[in-house]
Asks: 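The structure that follows is given in the form of structure tokens.
If you read the sequence from its start, that first residue is 1, and numbering goes on from there. Heavy-atom basis, side chains included; hydrogens, waters and symmetry copies ignored. In this text, all values refer to a predicted model and were calculated from it rather than measured experimentally.
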Amino acid sequence: MIRKFFRKRSIHIFLTIIIATSVFAPCTYRASAKSVTLGPSDAKEVAAFADTFFSQPHIKNQIAGAVFVVVRDGKILLKKGYGYADLEKKIPADPDDTVFPIASISKVFTTTGIMQLVEQGKMNLDEDIRAYLGDVKLNNKTGYPLTMKHLLTHTTGFDFTDTLESAKNRPEPLPLDAYVKENMSTVVRKPGEAFRYDNFASMLQGYILQKVSGKSFNQYITENIYKPLHMKSSSFLLTPEIEARLATGYNAANKPFPVYISNPIEQPEGGMFSTGQDMAAFMMVHLNKGTLGSHKILNKDTAEMMQSIHYAIHPKLPNMAYGFETYYHSSHNNQFVIGKGGDIPGSHSWMWLLPEQKVGGFIVFNKDIDFREELFKAFMDHYYPAQKQEQQHMASTQEQLKRFEGVYRDLRVNPWITKITATKQGQLLAEDPMGKNTLRQVEPLLFKDEAGTLLAFKETDDGKIAYLQYHNPVSMAARIRDPKQFYDVPVTHPYASYCKGIQQLGVLQGDANGFFHPESSVTRAEFVGELIRLIGVRPSVHPVIFTDTKNNKYAREIQAAVEAGAIKGVTKKTFEPNRPITRQEAATIVWGVSQALIDAQPADAPLAGKVDPWARQAVQYAVANKLYGPEITSSTQGLVDYKAKKPLLRQEAAALLHTYASHMLGG
């Protein structure tokens, strides 16, 4: 599942797609003066809207191909392709014929299947899921039951929700049941307490659906959703027929990706393929409360339950219905909107529904650029223009706002830190990877910044502030303790900020006595292990391949890096885990992880000093992206000596890992 954890393009794709922040200012679309009712209604007019949007130079000149669909009241108003499904062969993107991976939109299909079983009485949403797991063991450390409701709302409290394994590491993908058994997560946070986008929760839904129904996952979905809706071009299996019509995925430089390999074989959380025509049918059946023509896949009350909000950090900042999410809140324009996005390398999608209007939209494109938020905003501003309302703010003092102050670490994206400070002006200052923003209080636990983006806090039962959600729509952030100053790294130390910052990220900690030992060397095992922990993905569950790491505390993290295709051993069977790592070795490991994680591309940098040929590209990458601390300076000619062959010291590792965390987030 490589790149599914950090699902974005090049250096900035991480934020661009997980956050889906628009790079370009949206065009202004104005509703026609002759318009009597809100919403799209005339097919020609909708086509004109779409053509205008896709004719913008920054869209037209960057996309490979795209398919855009709009439905209303059980009818397709727009079903149109733009650009090419295959650039080299000049095959047009066709809404009827071109098959796209829809990635995480798959989750709504999985949840629809679950809800069918619920209304048949085969499953209870409030029952502990252990009742449906068969011989799969659930380790729950909280003492609170984990129910299907928690799986459906991504509030499981699992320790890990993503894996880093490359498909290349496993020649034959696992069956769904074997994959779940091998990768079963542990519940470490009270279920229902906090929202964190959860791929494994949806994987587990698919396994339970298969277990309860007695049919394979793809067979069940085919018989109970695809066939009734005449979705003839959809599948959770990459069949020869599907692959023959599959759009080629491209990175931002128009380099094609290999065909996405699903592991497990049937991937309930993100492995579905479909067309614009088929997705139109799926949107219409949900908008019509479970019925399309003479076919019914859900009862009306079940469909309405799926479309209702079941988890929200704040009523004005909702997170999850069942299967559906709520994104792009600032563009909802006072309408009730639910949706689902999807991302894998070279394919990105977004489906949105306005259930009260019986209107839906679907966009999918086959290149690592992102204009989904821009399209959605243009659509909503054009068809559902919002009346400007004067925002009322609370009169707050600095003293009243101090209860919100602190450092918050994202539950899903470990390097994402948000610092909140109360100002003398009675406002909050928020500092995170998106920059600095000033927020004013609009409700007791709700704030709004200069751009209109909401920030919500959540209290514990005793009234203490425990979580926030702000710029990252796929996860809440938990309040963490401010780290103590190391005795041997005073505030005047040149690496003090790096050592404090890396503590906040939960890696490269000091000893039990409060010392960091800044000038001690770092071993190869420690560096790889702390880098994997920084990323925040699951350590490997497989046997280690390096014989000399079996008893090392970082053995599982080292194996995870191997399975991601990010590192190699000194030999096929040895890693030399206890040897101090050199700076060029550390750079090589970071470069390997970056290629696997964020599709990093080679970079040029003017180097001075000695670098071994095998490490030169990695060192250039590190220097170009300034992955170092004050130990490195450039000459008057601009040449940089990375001191490649010297051992990496702990203070230098702190600087490297801290700057790399910012680098992953586009900083």
Asks: I'd like to know whether the aromatic ring centres of Phe109 and Phe282 sit less than 6.0 Å apart in this structure.
Replies: yes
Asks: Going by distance alone, is a donor N or O of one side chain under 3.5 Å from an acceptor N or O of the other, for Glu45 and Tyr383?
Replies: yes
Asks: Is it true that Trp352 and Tyr327 have ring centroids separated by less than 6.0 Å?
Replies: no
Asks: If we check ring pair (Phe, Tyr, Trp, His ring centres under 6.0 Å) with Trp350, which of these qualifies: Tyr328, Phe362, Phe68?
Replies: Tyr328
Asks: Who passes ring-ring contact (aromatic ring centres under 6.0 Å, His included) against Phe100, sequence neighbours left out?
Replies: none
Asks: With salt bridge (Lys or Arg N to Asp or Glu O under 4.0 Å) as the test, would you mind laying out the steps for Asp162 and Arg412 before giving the verdict?
Replies: CA-CA 9 Å; Asp162 307 274; Arg412 184 169 188 249; 3.0 Å; yes
Asks: Would you call Glu269 and Lys107 a salt bridge, using N to O less than 4.0 angstrom?
Replies: no
Asks: Measuring from atom NE2 of His150 to atom NE2 of His310, what distance do you get when rounded to the nearest 0.5 angstrom?
Replies: 12.5 Å
Asks: Using every non-hydrogen atom in the two residues, find where Leu209 and Ile221 come nearest and quote the distance to one decimal.
Replies: CD1-CD1, 4.5 Å
Asks: Other residues, nucleotides and ligands only: do more than 12 of their heavy atoms fall within 6.0 Å of OH on Tyr144?
Replies: no
Asks: How many angstroms lie between OG1 in Thr418 and CG in Leu455, if you round to the nearest 0.5 Å?
Replies: 8.0 Å
Asks: Does the distance from a Lys or Arg side-chain N to an Asp or Glu carboxylate O, for Asp449 and Arg440, drop under 4.0 Å?
Replies: no
Asks: Return the set of residues passing side chain to side chain donor-acceptor pair (under 3.5 Å) with Gln387 (not counting sequence neighbours), or none when no residue passes.
Replies: none
Asks: Fit a plane to each ring of His348 and Phe365, take the angle between them on a 0 to 90° scale, and name the class: parallel (under 30°), tilted (30 to 60°) or perpendicular (over 60°).
Replies: tilted
Asks: Please round to the nearest 0.5 Å and tell me the distance separating atom CE of Met272 and atom OG of Ser349.
Replies: 10.0 Å
Asks: Sequence neighbours excluded, which residues qualify as ring-ring contact (aromatic ring centres under 6.0 Å, His included) partners of Phe195?
Replies: none
Asks: So, are Lys149 and Asp126 salt-bridged, with charged N and O less than 4.0 Å apart?
Replies: yes
Asks: List for me each residue that meets side chain to side chain donor-acceptor pair (under 3.5 Å) alongside Thr186, sequence neighbours excluded, and say none if there are none.
Replies: none
Asks: Which is it for Tyr132 and Tyr207 under the ring pair (Phe, Tyr, Trp, His ring centres under 6.0 Å) test, yes or no, and what are the steps along the way?
Replies: CA-CA 9 Å; Tyr132 310 114; Tyr207 166 77; over 10 Å; no
Asks: Would the Phe217 and Phe236 ring centres measure less than 6.0 Å apart?
Replies: yes
Asks: Tell me whether Lys358 at atom NZ has more than 12 heavy atoms from other residues, nucleotides or ligands lying less than 6.0 Å away.
Replies: no
Asks: Under the rule for side chain to side chain contact (heavy atoms under 4.5 Å, CB included), what residues qualify as partners of Thr302, not counting sequence neighbours?
Replies: Met115, Glu119, Leu298, Asn299
Asks: Glu459: which residues meet the salt bridge (charged side-chain N to carboxylate O under 4.0 Å, His left out) condition with it, sequence neighbours left out?
Replies: Arg403
Asks: Taking the basic N atoms (NZ, or NE/NH1/NH2) and the acidic carboxylate oxygens, is any pair closer than 4.0 Å for Lys75 and Asp73?
Replies: no
Asks: For the residue pair Phe457 and Phe404, is the inter-centroid distance of their aromatic rings smaller than 6.0 Å?
Replies: yes
Asks: Count the heavy atoms of every other residue, nucleotide or ligand shown that sit under 6.0 Å from CZ of Arg245, and state whether that count exceeds 12.
Replies: yes
